[in-house]
Amino acid sequence: MAKLTVLTGITTTGTPHLGNYVGAIQPAISASHDPNVAAFYFLADYHALIKCHEPDHVHQSSREIAATWLALGLDTDNAVFYRQSDVPEILELAWILSCVTSKGLMNRSHAYKAAVAANEEKGETDPDKGITMGLFNYPILMAADILMFNAHRVPVGKDQIQHIEMARDIAGRFNHIYGQHFVLPEAVIGEDTSILNGLDGRKMSKSYNNTIPLFLPEKKFRKLIMKIKTNSLEPGEPKQTEGCTLFSIYKAFATNEQVDEVRKSYAEGIAWGEMKQLLFEHLNHHLRESRDRYDELMQQPDKVEKILQQGAEKARTYSIPLLKEIRQAVGIRQITDLG
Ligand code: TRP
């Protein structure tokens, strides 16, 4: 039976945090060990340029994300792990796709509409003020990422569903004009239980600046855990697990029995300080070994670079023939074959 192709990209603009780990990284890494899945995971560094014009930041983020995924045990024999920018066929495909994508479809993109709405709210006379073509074309580049490897399933956050639908639309349009070449991808959305709250109790997200990085030095890590917002119930007063950030994070890393224990402690009025200490120790125990591997990999940039380059080589065994087929299909061909 043909393998199921699963593909996802990680934009290289930040440092991986606990929310990324629970929602995206951990499930992706376990899928990388599944022999029935052809997994493609990549650093979406060209996507990073849409949001970030700080070269060192983009570079550092790529390095951290690569080291994180490797430290957590990504199976790079089974999965293809690469950097988008190392696979130039993706950008060529993006252009070809842009020629079958209606501008109206892009006008409806949430990311673009949100930027326009922000301008209108500020009373700008030009609704497109400060909006780049990169932002506008973002869904086409993402479609190229996905269609290049004929991915069946694309695990993403809820905010990305529309982009996967657009990739389907674009694939369908291309197939309609030029014949059947692309698989229509489907989004796979993580369960709601995999969404963690951040320091301030809102969803843990880079844009809220409330994240807890996955691999911090132990002391700093503890300090951040101690900063998580709680209510002001005193020790001894029974507490609700529902909606409690400490509990939600603990739960994402614990067995059912451990969760039941902690539920009991809440009912018995565990002090917030004590719960924070417990959470810290639990997470620290869980992450310690991979953090050591992470620190090591951050000291060995050559090793990480080599793995990424090998990944790109593997990725290109797919992308080069596919792009050749696509160019042929659209009429970008040599006049004659000179042999
Ligand atoms: N845009 C995605 C995000 O911000 C990252 C991404 C880029 C992606 N290309 C992709 C995800 C292709 C899935 C498939 O989360």
Side-chain angles (χ1 to χ4, degrees), residues 10 14-31 33 64-65 68-69 71-74 155 157-159 188-295:
I10 317 107
T15 298
H17 56 71
L18 291 180
N20 297 143
Y21 174 66
V22 171
I25 308 175
Q26 200 182 35
I29 286 179
S30 42
H33 295 279
E64 289 176 357
I65 293 171
T68 297
W69 284 62
L72 289 167
L74 178 72
K158 276 208 183 97
D159 59 321
V188 183
I189 310 304
E191 299 165 38
D192 267 355
T193 49
S194 64
I195 293 175
L196 285 196
N197 292 344
L199 292 171
D200 57 0
R202 290 187 292 173
K203 177 188 164 197
M204 191 179 294
S205 159
K206 211 164 41 191
S207 39
Y208 293 147
N209 201 13
N210 65 354
T211 64
I212 303 173
L214 192 53
F215 296 133
L216 278 181
E218 203 171 290
K219 267 195 181 148
K220 278 198 181 155
F221 188 58
R222 182 170 184 281
K223 227 172 155 177
L224 264 191
I225 303 280
M226 295 297 151
K227 271 198 191 149
I228 296 173
K229 201 172 136 197
T230 62
N231 59 30
S232 50
L233 289 176
E234 298 286 336
E237 289 186 79
K239 296 171 175 68
Q240 298 274 347
T241 52
E242 185 95 0
C244 173
T245 300
L246 296 173
F247 183 79
S248 82
I249 298 178
Y250 183 80
K251 195 167 160 226
F253 288 85
T255 63
N256 289 340
E257 292 87 67
Q258 289 171 324
V259 171
D260 287 343
E261 273 298 302
V262 165
R263 266 213 181 87
K264 235 171 78 201
S265 306
Y266 268 62
E268 289 164 7
I270 187 173
W272 288 133
E274 199 181 324
M275 181 57 202
K276 286 179 175 177
Q277 180 63 24
L278 190 145
L279 178 62
F280 161 69
E281 280 168 16
H282 189 80
L283 292 179
N284 197 45
H285 177 76
H286 188 93
L287 296 171
R288 187 181 292 139
E289 274 176 31
S290 19
R291 179 171 56 214
D292 288 347
R293 279 195 296 272
Y294 175 81
D295 291 341

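Numbers here simply count residues along the sequence, with the first being 1.
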Whether Lys239 side chain and Arg263 backbone form a donor-acceptor pair below 3.5 Å: no
CD on Glu64 to CZ on Phe215, rounded to 0.5 Å: 11.0 Å
Residues, nucleotides or ligands: over 12 heavy atoms within 6.0 Å of Glu289 CD: no
Heavy-atom side-chain proximity of Phe247 to Gln240 below 4.5 angstrom: no
Test item: Leu199 and Lys229 side chains (from C-beta on) under 4.5 Å apart, heavy atoms: no
Reference residue Leu18; test side-chain contact (heavy atoms from CB on, under 4.5 Å); the match among Leu287, Leu224, Asn197: Leu287
Ile212 and Leu283: CA distance, side-chain angles, deciding distance, side-chain contact (heavy atoms from CB on, under 4.5 Å) verdict: CA-CA 11 Å; Ile212 303 173; Leu283 292 179; over 6 Å; no
Shortest non-hydrogen contact from Pro213 toward Phe221: O-CE1, 3.8 Å
Polar side-chain atom of Lys276 near backbone of Ile228 as donor-acceptor pair, under 3.5 Å: yes
Validation row, ring centre Tyr21 to ring centre Phe253 under 6.0 Å: yes
Stepwise side-chain contact (heavy atoms from CB on, under 4.5 Å) check, Leu279 with Thr245: CA-CA 11 Å; Leu279 178 62; Thr245 300; over 6 Å; no
Non-hydrogen atoms of Leu278 and Val262 that approach each other most closely: CD2-CG2, 4.1 Å
Heavy-atom side-chain proximity of Lys158 to Ile189 below 4.5 angstrom: yes
Nearest-0.5 Å distance, CD1 of residue Ile249 to SG of residue Cys244: 9.0 Å
Closest heavy-atom pair and its distance - Pro16, Ile65: CG-CG1, 3.9 Å
Short side-chain to backbone donor-acceptor contact, Lys203 and Ile195, under 3.5 Å: no
Closest non-hydrogen atom pair between Pro238 and Ala267, with its separation: CB-O, 3.4 Å
Heavy-atom donor-acceptor pair, Asn20 side chain to His17 backbone, under 3.5 Å: yes
Spacing of OH belonging to Tyr294 relative to CG belonging to Leu214, to within rounding of 0.5 Å: 8.5 Å
Non-hydrogen atoms of Leu196 and Ala252 that approach each other most closely: CD2-CB, 3.8 Å
Closest approach of Ala254 to Val259 (non-hydrogen atoms, all atoms of both residues): CB-CG2, 3.9 Å
Working for side-chain contact (heavy atoms from CB on, under 4.5 Å), residues His282 and Gln258: CA-CA 10 Å; His282 189 80; Gln258 289 171 324; 3.5 Å; yes
pair Gln277-Glu281: side-chain heavy atoms closer than 4.5 Å: yes
Trp272 (side chain) donor-acceptor with Asn231 (main chain) under 3.5 angstrom: yes
4.5 Å side-chain heavy-atom contact, Ile29 and Ile25: yes
Derivation of the side-chain contact (heavy atoms from CB on, under 4.5 Å) call for Leu246 and Tyr266: CA-CA 11 Å; Leu246 296 173; Tyr266 268 62; 3.7 Å; yes
Asn256 atom CG, neighbour heavy-atom count above 12 within 6.0 Å: no
